[in-house]
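Take a look at the structure below.
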Amino acid sequence: MNNFSKILIDWYSEHKRELPWRESTDPYIIWISEIILQQTRVVQGYDYFMRFINRFPDVKTLAEAEEDEVMKYWQGLGYYSRARNLHTAARSMNGAFPKTYPEVLALKGVGEYTAAAICSFAYDMPYAVVDGNVYRVLSRYLGIETPIDSTEGKKLFSVLAGEMMDKSRPAVYNQAIMDFGALQCTPQTPVCLFCPLADSCIALSKGLVMKLPVKQHKTKTTNRYLNYVYAHTNTYTFINKRTGDDIWKNLFELPLIETVESVTEEEFLALPDFTKLFASGETPVVHSVCRDVKHVLSHRVLYANFYEVNLPEDTLSFSSFQKVRTEELGQYAVPRLIHAFLEKYV
DNA sequence: AAGACGGGGTG
DNA sequence: CACCCAGTCTT
């Protein structure tokens, strides 16, 4: 075993985090935890994992569930394609989790990182994980300035990760390097003063720690303007399921009119897309509930306005939307933005 | 090769 | 505000 992996594993034995999915070698448990943890911090995903496993303890249970319920268990976590893919993958398994790397990799929503994680943690196969932590630890330790989001960089780090791995203990090694990245070799203020790898870290000796890893990516954000209509009777509320390739696919929301620019209340009330929601003869009685609610996504900034429309019990308006009992709204998976509105005003 | 996809934490 | 998080899929 090389010195790098020995130091890492020694460090891990003293500093490892106790996490429920580490108590198991059930590939299903590992799989769920890994999907939840994609682009998601442990503290953020922890409760979701516990709830999810409690409701869907095995492949069969998940495969037999309705997608809408799976989405509900994912509500608020973000990157909802993970939940859809999870469900699709469960149904593709025929009751048994696949046992080879190529089969695991072929699962919907499972890429190279997750396949390596599952196969090493569950089966102790020698596949090196390459996640954000590994990019950071290796780029610093080896002093590599190749951008990690370039094709060349991805290939290079994949090779290096395999070379640095202790192939006699892939499961422990993979956990060790990721915990090391998460707790010691952190993005902002790494603990270089007390680092067990300080003697041989290239970035530290060259003063490159804060410059690594290099990313060439620059994401530009754009604005979107959402006008929601909380249309309801005394007992029912109108909702809509988002379909199509856009944010929040397969989640529910209130009737929405999106505009290219921000619109005032007067402008909104005159919008044909709004007025046409009302059956002829029914006069819109609308009041603005809240405006310019800012909701930030990673590459979008959403500005939302909410309008309330009170309708008679036998209304013919909003006929293109789903009419659900207001007290049953809670069983529908909704985006954070909608959930916050519902909590506050409904 | 570049974007899209959520939401939250950190400095 | 900028960057990052146990990444993957689509164009």
Side-chain angles (χ1 to χ4, degrees), chain A residues 16-17 19-22 30-49 71 74-86 88-89 104-118 120-121 127-137 147-155 157-158 161 171 173-183 185-190 210-222 224 242 244-251 294-302 333-340:
Chain A
K16 70 175 286 192
R17 292 176 286 188
L19 301 169
W21 45 89
R22 286 183 171 164
I30 308 288
W31 173 51
I32 300 300
S33 72
E34 290 303 334
I35 301 297
I36 287 177
L37 266 21
Q38 285 170 5
Q39 293 291 284
T40 304
R41 291 163 198 278
V42 167
V43 288
Q44 191 185 355
Y46 189 98
D47 291 339
Y48 282 87
F49 171 82
M71 298 304 286
W74 213 266
Q75 172 176 303
L77 237 198
Y79 283 159
Y80 299 96
S81 65
R82 293 183 292 175
R84 300 193 306 269
N85 290 336
L86 209 52
T88 301
V104 173
L105 182 59
L107 262 21
K108 262 282 193 286
V110 174
E112 289 187 7
Y113 162 76
T114 304
I118 294 170
S120 63
F121 300 161
Y127 292 92
V129 294
V130 185
D131 73 333
N133 293 305
V134 175
Y135 280 123
R136 188 168 55 256
V137 172
I148 60 172
D149 53 352
S150 65
T151 302
E152 184 193 353
K154 285 172 187 163
K155 182 170 289 184
F157 280 95
S158 177
Y173 170 82
N174 278 341
Q175 308 252 25
I177 191 170
M178 288 195 289
D179 259 17
F180 187 79
L183 302 174
C185 193
T186 51
Q188 311 278 359
T189 53
M210 294 313 286
K211 306 296 292 182
L212 296 176
V214 172
K215 271 194 183 177
Q216 59 187 5
H217 198 64
K218 36 195 166 278
T219 117
K220 45 178 177 281
T221 69
T222 57
R224 290 176 72 167
R242 290 181 68 92
D245 295 324
D246 195 4
I247 57 172
W248 303 331
K249 182 178 179 182
N250 289 14
L251 267 65
K294 186 177 178 182
H295 187 80
V296 179
L297 307 182
S298 44
H299 49 294
R300 296 272 183 271
V301 180
L302 312 179
V334 299
R336 217 67 155 178
L337 174 66
I338 300 298
H339 187 256

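Residue numbers begin at 1 in each chain, while the letters A, B, ... track the order of the sequences.
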In whole Å, what is the span from the [atom1] atom of [X] to the [atom2] atom of [N]?
| X | N | atom1 | atom2 | answer |
| --- | --- | --- | --- | --- |
| A/Y80 | B/dA4 | OH | C1' | 15 Å |
| A/K211 | C/dC4 | NZ | P | 11 Å |
| A/M210 | C/dA2 | CE | C1' | 12 Å |
| A/L183 | C/dC4 | CG | P | 18 Å |
| A/H217 | C/dC3 | NE2 | P | 11 Å |
| A/R84 | B/dG6 | CZ | C1' | 12 Å |
| A/L77 | C/dC5 | CG | P | 17 Å |

What interatomic distance, in whole Å, is found between P of C/dT11 and the corresponding atom of B/dG6?
15 Å

Separation of the P atoms in B/dT10 and C/dA6, to the nearest angstrom
12 Å

Has A/Y48 got a side-chain atom pairing as donor or acceptor with A/Q75's backbone, closer than 3.5 angstrom?
yes

Look only at the side chain of A/D179 and the backbone of A/K16, and say whether a donor-acceptor pair between them is shorter than 3.5 Å.
no

With sugar-phosphate taken as primed atoms, P, OP1 and OP2 and all else as base, the protein-contact string of nucleotides 6-11 of chain C at under 4.0 Å (heavy atoms; B, S, -) is BBSS--

Does A/M210 reach the side chain of A/P190, with side-chain heavy atoms less than 4.5 Å apart?
yes

For residues A/V129 and A/E34, determine if any side-chain heavy atom of one lies less than 4.5 Å from a side-chain heavy atom of the other.
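Result no, sub-4.5 Å side-chain heavy-atom pair not found.
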
Can you tell me how far apart CE (A/M178) and OH (A/Y113) are? Round to the nearest 0.5 Å.
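Between A/M178 CE and A/Y113 OH, I get 3.5 Å after rounding to 0.5 Å.
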
Give a yes/no on whether any side-chain N or O of A/H299 is located under 4.0 angstrom from OP1 or OP2 of B/dG3.
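For B/dG3, OP1/OP2 do not have a side-chain N/O of A/H299 under 4.0 Å.
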
Can a side chain N or O of A/H295 be found less than 4.0 Å away from OP1 or OP2 on B/dG7?
yes

Select one nucleotide: of B/dG7, B/dC5, B/dG6, the one nearest the side-chain heavy atoms of A/R300.
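Ranking B/dG7, B/dC5, B/dG6 by closest atom to the A/R300 side chain puts B/dC5 first.
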
Of the nucleotides B/dA2, B/dC5, B/dG6, which has the atom closest to the A/W248 side chain?
B/dG6

Just call it for [X]: base, sugar-phosphate, or nothing, with non-hydrogen atoms closer than 4.0 Å on any strand.
| X | result |
| --- | --- |
| A/G76 | sugar-phosphate |
| A/K215 | sugar-phosphate |
| A/I35 | nothing |

List for me each residue that meets ring-ring contact (aromatic ring centres under 6.0 Å, His included) alongside A/F49, sequence neighbours excluded, and say none if there are none.
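ring-ring contact (aromatic ring centres under 6.0 Å, His included) list for A/F49, sorted by chain: A/W21.
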
With a sphere of 6.0 Å drawn around CD of A/E152, does it hold more than 12 non-hydrogen atoms of other residues, nucleotides or ligands?
no

Earlier contact from the 5' end, DNA chain B, for A/R336 and A/R224
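Final value for this comparison: A/R224.
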
Under the rule for salt bridge (Lys or Arg N to Asp or Glu O under 4.0 Å), what residues qualify as partners of A/K249, not counting sequence neighbours?
A/D245

Ignoring hydrogens and angles, answer whether the base of B/dG7 and the side-chain atoms of A/Q44 contain a donor-acceptor pair closer than 3.5 Å.
yes

Please confirm whether any donor atom in the side chain of A/S298 sits under 3.5 Å from an acceptor in the base of B/dG6, or the reverse.
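Yes, a donor-acceptor pair under 3.5 Å.
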
